[in-house]
Every structure is written in C-alpha cells, then in structure tokens.
Q: 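Provided herewith is a single structure, encoded as structure tokens, for subsequent inquiry.
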Amino acid sequence: MSEMNTCVVGVGSNIQPEENIREALRILEEEQTLLSVSAMVETEPIGVTDQPAFINGAVKISTSMAQEEFSAYLKSVEDRLKRDRTKPRFGPRTIDLDVVVWNGKVVDRDYYTRQFLKNAVDEVL
C-alpha cells in the first residue's frame, strides 16, 4: 500500500464562486479523502483589482498521490471546471486550487503574505 500524504489546498474563485467552489469540493471529496474544510471568506482581488471579489478558503486532504502528481491532478480539476488559462495570472477565474501545505510543510509562500489564506489553512490543520 502506498504511503498517504496529507495536504492543505487553497481554494478560490470569483466567477460564480459559490457554484464553482461547491463543485470543486464535490470532485475532491469523490476522488480524494477530504478531512476538513475551512470557512469560505470574501476577499479583495490581488494584482488585477478591476474584477469581482473572490471567495477563498482551504481544504485538508489525504491522498496516495505524490506531490507533483497531486499538483497536476489539481490542474486537471481546474480544467474540468473550465478554468481559462489564457487570462492574466491574477485575473478572474472559475476555480483556483493550490497546494499550500504538504505533509506539514508550507510549500506556497502566499501562506505568509495573505492573511485570509493563513487563517483558512490554520483552521483546517
């Protein structure tokens, strides 16, 4: 049996966020082991400010995938939810899924600079 990894994934959306976050969580719950989900909070856009507010949160997941494989898997979930990768990096998106903590180690520096992300991650840890 392969070793299980525990990670925290940051979740965000500002295109039909309630619907897209609900669908992303449904997919993750169906295909991985969802351990906990943080509160979802409204946040102001970063970088490109002329766009709707985001809804952000975090989920704690147990997976048998390795980190690189899991990151690629999250991209595939984003693709299934019609994430448009031609838009600016900080532009509007249907869903944004990023590994923030992997097996207890912070792997996304946004954790240190975005209070809403730190709060959400800390809530599920």
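Computed from heavy atoms alone, side chains included, the values below leave out hydrogens, waters and symmetry copies. All values derive from a computational prediction rather than experimental measurement.
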Q: If hydrophobic clusters are built from ILVMFWY residues whose side chains come within less than 4.5 Å, do Leu125 and Leu35 share one?
A: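 Leu125 and Leu35: separate clusters.
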Q: Asp108: which residues meet the salt bridge (Lys or Arg N to Asp or Glu O under 4.0 Å) condition with it, sequence neighbours left out?
A: none
Q: Check the pair Lys118, Val100 against side-chain contact (heavy atoms from CB on, under 4.5 Å), reporting the backbone distance first and the verdict last.
A: CA-CA 9 Å; Lys118 184 179 189 314; Val100 182; over 6 Å; no
Q: Taking side chain as C-beta onward, heavy atoms only, is Asp96 less than 4.5 Å from Phe54?
A: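 Of all side-chain heavy-atom pairs linking Phe54 with Asp96, none is under 4.5 Å.
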Q: Does CZ belonging to Arg85 count more than 12 external heavy atoms closer than 6.0 Å?
A: yes
Q: Could you measure the distance from the CG atom of Asp122 to the CD atom of Gln115? Nearest 0.5 Å is fine.
A: 8.0 Å
Q: Given Val59, which partner from the list Val124, Leu25, Leu97 fulfils the side chain to side chain contact (heavy atoms under 4.5 Å, CB included) test?
A: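 Answer after filtering Val124, Leu25, Leu97: Leu25.
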Q: Would you say Trp102 and Ile61 are hydrophobically clustered, going by side-chain heavy atoms of ILVMFWY under 4.5 Å?
A: yes
Q: Check whether Leu74 and Ile15 end up in the same hydrophobic cluster, where Ile, Leu, Val, Met, Phe, Trp and Tyr are linked by side-chain heavy atoms less than 4.5 Å apart.
A: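 They do not share one cluster, since no chain of ILVMFWY contacts under 4.5 Å joins Leu74 to Ile15.
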Q: Membership question, hydrophobic clusters at under 4.5 Å side-chain separation (ILVMFWY): are Phe70 and Val11 in the same one?
A: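 Yes, one cluster joins them.
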Q: Using modelled atom types only, decide if a donor and an acceptor are shared between the side chain of Asn5 and the backbone of Met65 within a distance under 3.5 Å.
A: yes
Q: Between the side chain of Asp84 and the main-chain N/O of Thr86, is any donor-acceptor distance below 3.5 Å?
A: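 At least one qualifying donor-acceptor pair exists.
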Q: For Gln67, is there any backbone N or O sitting under 3.5 Å from a side-chain donor or acceptor partner on Ser71?
A: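 Indeed, once roles are kept as given, a pair shorter than 3.5 Å links the two residues.
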Q: Do Lys60 and Val101 have side chains that get closer than 4.5 Å, going by heavy atoms?
A: no
Q: Do Arg80 and Glu31 meet the salt-bridge criterion of a basic N to acidic O distance under 4.0 Å?
A: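 Yes, this pair counts.
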Q: Hey, is the main chain of Glu42 close enough, under 3.5 Å, to the side chain of Asn56 for a donor-acceptor pair?
A: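 Between the backbone of Glu42 and the side chain of Asn56 there is no qualifying donor-acceptor contact (under 3.5 Å).
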Q: For atom NZ of Lys75, decide whether the heavy atoms of other residues, nucleotides or ligands shown that lie under 6.0 angstrom number more than 12.
A: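 For Lys75, atom NZ is crowded (more than 12 foreign heavy atoms under 6.0 Å).
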Q: How many angstroms lie between OG1 in Thr63 and OH in Tyr73, if you round to the nearest 0.5 Å?
A: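 Those atoms lie 8.0 Å apart.
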Q: Would you mind checking if Glu29 and Arg26 are paired as a salt bridge, meaning a charged N to carboxylate O distance below 4.0 Å?
A: no
Q: Using the side-chain contact (heavy atoms from CB on, under 4.5 Å) rule, take Arg93 and Glu78 through it: C-alpha gap first, then chi angles, then the decisive distance, then the call.
A: CA-CA 9 Å; Arg93 58 201 72 170; Glu78 291 178 345; over 6 Å; no
Q: When rounded to the nearest 0.5 angstrom, what distance separates CD in Gln16 from CD1 in Ile55?
A: 13.0 Å
Q: Working to the nearest 0.5 angstrom, can you tell me the gap between Glu44 CD and Asn14 CG?
A: 11.0 Å
Q: Quick check: do Ile95 and Glu23 have side-chain heavy atoms less than 4.5 Å from each other?
A: no
Q: Hey, what do you get for OG1 (Thr43) to CZ (Arg114), rounding to the nearest 0.5 Å?
A: 9.0 Å
Q: Would you name the heavy atoms of Ala53 and Pro45 that are closest together and state the gap between them?
A: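 Answer, listing the atom of Ala53 first, then Pro45: CA-CD, 4.1 Å.
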Q: Has Ser13 got a side-chain atom pairing as donor or acceptor with Thr94's backbone, closer than 3.5 angstrom?
A: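 A pair under 3.5 Å: yes.
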Q: Once rounded to the nearest 0.5 Å, what's the spacing between atom CG of Asp110 and atom CD1 of Ile46?
A: 7.0 Å
Q: Consider only side-chain heavy atoms of I, L, V, M, F, W and Y, link residues closer than 4.5 Å, and tell whether Val8 and Leu28 are in one cluster.
A: no
